[in-house]
Amino acid sequence: MSYGMDLGKENRNQNAMGDPKFFNKESLEEEMRRQFQACSDCRMCLHYCPFFPVLFDIIDQELDGETKKINSGHIEKLNSLCYHCKLCEFRCPYIPPHELELDVPRLFLRYQAVKGKEKGVSIRTKLQVNTDLIGSMASKTAPISNWGLMKHPLNPNRLMLHYMIGIHKKSIIPQYKRETAKKYAKKKLKSSVAKGDGGKIALFTTCLVNNQRTDIAKATLAVLEKHDVIITVPPQMCCGMPELGVGWTDKFQANMIYNIKSFKDLVDNGYDVVTLQPTCGNVLLSEYPKLAPNDLIEPANNIADHTFDIMNFLWKLKLDNKLSREFNEEGFGTITYHVSCHTQAQRKGLSSRMLNLLPNTKVKAVTGCTGVDGTWGLRTANRDMSVSVAKDQVLDKIAEMDPQPDWIVSDCPLAGSRIEEELKIKVLTPIEMMAKAYGLIY
Ligand code: SF4
Ligand code: SF4
Ligand code: SF4
């Protein structure tokens with residue numbers, strides 16, 4: 001079949017970080033021009049994000065429709081507009097195994113890696129994305145750190161973060177907890193009497209849940225305990241996505257290798273990996289198998305095959321007839337469920353199928369990205385674009401609901417914070433609703 005273009009197979013090495021051409025800028029730009037030609041011929045993603053309208057404007061207005069004229073300057077401008085929500089990846093009909101092999105967000109991850117290798121990553125950027133380090137320091141010093149990070153126009157720390165580190169003064173930073181999720185789990189699991197009828201899981205807490213949204217981990221442990229699941233929390237680091245997104249490749253690789261080595265024996269011994277944040281879960285599912293060094297590709301694939309978001313793990317229990325139906329009969333009335341883009345990117349099903357099991361509860365799904373995407377939307381440079389994406393894709397849809405829902409939940413705690421911040425309403429995660437439905441106190 002002809003697509004009226006050069007299929008350019010020799011440049012399609014963006015998935016292999018070990019490939020000598022991976023860091024070759026010319027080869028990458030050639031591959032970008034090939035993929036952008038396909039996008040120009042298709043245009044389905046025009047309204048997904050700010051990147052596509054700008055790409056098509058450049059092609060139509062500046063380049064007489066000729067994508068082969070796209071140059072490094074255009075690419076640098078386009079790079080600043082992709083925040084890796086992956087909407088255009090999981091909705092594109094031409095992703096592998098289609099012979100066109102398109103994957104626009106992966107092109108920009110590679111672009112960041114090439115740029116990071118060429119120019120290095122600034123200390124300022126490293127401070128923005130080192131969630132392990134910042135999280136552990138802020139948790140150890142909570143509640144003082146929370147007081148210092150409080151959102152207030154006159155807070156000198158927030159002004160310093162805004163102007164010197166580049167975290168916008170209006171961004172909500174969820175409160176750090178002195179007792180991290182890992183510490184809580186260690187204490188709680190000492191008295192566990194689980195026999196494993198519900199299976200065995202290794203918890204990937206994620207930095208956000210470990211240091212800030214510990215309530216999500218507590219709800220998870222309570223629900224899993226109810227289902228007689230054996231739980232372990234192996235040593236782990238940040239999944240590495242924030243580092244990958246800014247081209248700090250060495251740090252991403254170090255985190256990835258550490259995590260694969262830490263989880264591989266557990267998976268070999270029958271444990272599933274349960275994740276508590278969709279972005280991080282997606283990194284284990286999609287990025288590690290593609291970016292792991294050759295000797296770890298097999299364990300990375302094995303881990304991916306056994307990785308589940310907590311709500312998908314519960315769905316697995318349901319399919320095995322092991323899900324408890326001892327729900328609170330009262331139900332929740334109406335729930336608006338925000339489907340995060342990285343949940344969709346996982347292609348493993350939506351949390352609404354579990355919420356729909358709850359008595360006297362009606363669930364209405366809202367899709368779209370809230371433009372937070374790790375630390376991208378918190379940064380000073382991206383704040384306006386990020387809020388505008390959230391408004392167009394999610395916030396206005398919720399604000400216009402009449403009547404307003406009784407509850408709002410989002411798979412993504414970061415998206416939840418954005419909705420809370422802008423609409424001034426409480427947002428929970430689906431697993432917290434499940435814990436409530438079971439009447440569990442945690
Ligand atoms: S990413 Fe795929 S669906 Fe989107 S515009 Fe490009 S070719 Fe079309
Ligand atoms: S990943 Fe998201 S932000 Fe990036 S190009 Fe695709 S739709 Fe746009
Ligand atoms: S912030 Fe949440 S909603 Fe946005 S891309 Fe990430 S997971 Fe998806």
Is there side-chain contact between V394 and C369, with at least one heavy-atom pair below 4.5 Å? no

Measure from NZ or CZ of K348 to the centre of the six-membered ring of F308, then state whether that distance is under 6.0 Å and the direction lies within 45° of the axis. yes

For R43, the salt bridge (Lys or Arg N to Asp or Glu O under 4.0 Å) test, sequence neighbours excluded, returns D60

Scan for ring-ring contact (aromatic ring centres under 6.0 Å, His included) pairs involving residues 377-414, sequence neighbours excluded, and state none if there are none. F332-W407

Verify the neighbour count for atom NZ of K117: are there more than 12 heavy atoms of other residues, nucleotides or ligands below 6.0 Å? no

How far apart are the C-alpha atoms of R213 and E432, what are their side-chain angles, what is the distance that settles it, and do they pass the salt bridge (Lys or Arg N to Asp or Glu O under 4.0 Å) test? CA-CA 11 Å; R213 293 294 308 274; E432 290 171 289; 3.4 Å; yes

Between N210 and T180 (side chain of the first, backbone of the second, donor and acceptor by atom type, cut-off under 3.5 Å), is there such a pair? no

Charged N to carboxylate O below 4.0 Å: is that the case for E66 and K68? yes

More than 12 foreign heavy atoms under 6.0 Å from NZ of K397: is that the case here? yes

Side-chain touch I408/I398, heavy atoms, less than 4.5 angstrom: yes

Quick one, L291 and L244 - any side-chain contact, counting heavy atoms below 4.5 Å? yes

List the residues meeting side-chain hydrogen bond (donor to acceptor under 3.5 Å, both in side chains) with R158, not counting sequence neighbours, and say none if there are none. none

For a quick check under 3.5 Å, do Q277 and T206 share a side-chain donor-acceptor pair by atom type? no

Is it the case that more than 12 heavy atoms not belonging to D295 sit under 6.0 Å from its CG atom? yes

Give a yes or no answer on whether the side chain of Q236 reaches the backbone of L203 with a donor-acceptor pair at less than 3.5 Å. yes

Is the closest basic N to carboxylate O distance between R383 and E421 below 4.0 Å? yes

Name all residues meeting the salt bridge (Lys or Arg N to Asp or Glu O under 4.0 Å) criterion together with R347; count only those two or more places apart in sequence or in a different chain, and write none if there are none. E89

Is there a side-chain contact between E101 and I95 (heavy atoms, below 4.5 Å)? no

Can you sort out the partners of F313 under ring-ring contact (aromatic ring centres under 6.0 Å, His included), two or more places apart, ordered by chain and number? none

Can you confirm whether M354 sits close enough to L323 that some side-chain heavy atom of one is under 4.5 Å from a side-chain heavy atom of the other? yes

If we ignore hydrogens and angles and just use 3.5 Å, is the side chain of Y48 paired with the main-chain N or O of C85 as donor and acceptor? no

Within the distance-only criterion (no hydrogens, no angle test), does the side chain of S386 pair as donor or acceptor with the backbone N or O of N382 below 3.5 angstrom? no

K140: what forms a salt bridge (Lys or Arg N to Asp or Glu O under 4.0 Å) with it, not counting sequence neighbours? none

I70 side, atom CD1; F36 side, atom CZ - distance, nearest 0.5 Å: 6.0 Å

For Y438 and H227, run ring-ring contact (aromatic ring centres under 6.0 Å, His included): C-alpha distance rounded to whole Å, both residues' side-chain angles, the deciding distance at 0.1 Å, then the answer. CA-CA 11 Å; Y438 285 124; H227 289 89; 5.5 Å; yes

Between H338 and G416, is there a donor-acceptor pair closer than 3.5 Å when you use the side chain of the first and the backbone of the second? no

Are N155 and K151 packed together at the side-chain level, in the sense that at least one heavy-atom pair is separated by less than 4.5 angstrom? no

Sidechain-backbone polar pair: Q35 side chain, D103 backbone, donor-acceptor under 3.5 Å: yes

Output every pair passing side-chain hydrogen bond (donor to acceptor under 3.5 Å, both in side chains) with a member in residues 296-311, not counting sequence neighbours, ordered by first then second residue. D268-N302

Validation row: S139, K177 side chains within 4.5 angstrom (heavy atoms): no

Is the side chain of T336 donor-acceptor paired with the backbone N or O of P405 at a distance under 3.5 Å, no angle test? no

Partner set under side-chain hydrogen bond (donor to acceptor under 3.5 Å, both in side chains) for S145, not counting sequence neighbours: none

Name each donor-acceptor pair under 3.5 Å that joins a side chain in residues 161-173 to protein atoms two or more places apart or in another chain, with its distance.
from	atom 1	to	atom 2	distance (Å)
H162	ND1	K169	N	2.9
H168	ND1	K170	N	2.9
S171	OG	L378	O	3.1

Going by the rule side-chain hydrogen bond (donor to acceptor under 3.5 Å, both in side chains), which residues pair with Q112 if we only count those two or more places apart in sequence or in a different chain? N79

Would you say K316's side chain and N312's backbone share a donor-acceptor pair under 3.5 angstrom? no

Nearest 0.5 Å, what's the OG-CG distance between S352 and D411? 8.5 Å

Please determine whether the number of non-hydrogen atoms from other residues, nucleotides or ligands lying under 6.0 Å from atom CD1 of I123 exceeds 12. no

Sorted by chain and residue number, the salt bridge (Lys or Arg N to Asp or Glu O under 4.0 Å) partners of K115 (sequence neighbours excluded) come out as E76

Look only at the side chain of S262 and the backbone of Y258, and say whether a donor-acceptor pair between them is shorter than 3.5 Å. no

Would you mind listing every ring-ring contact (aromatic ring centres under 6.0 Å, His included) that reaches into residues 370-405, with sequence neighbours excluded? Y83-W376

Taking NZ, NE, NH1 and NH2 as the nitrogens, is one of them in R106 or E287 under 4.0 Å from a carboxylate oxygen of the other? yes

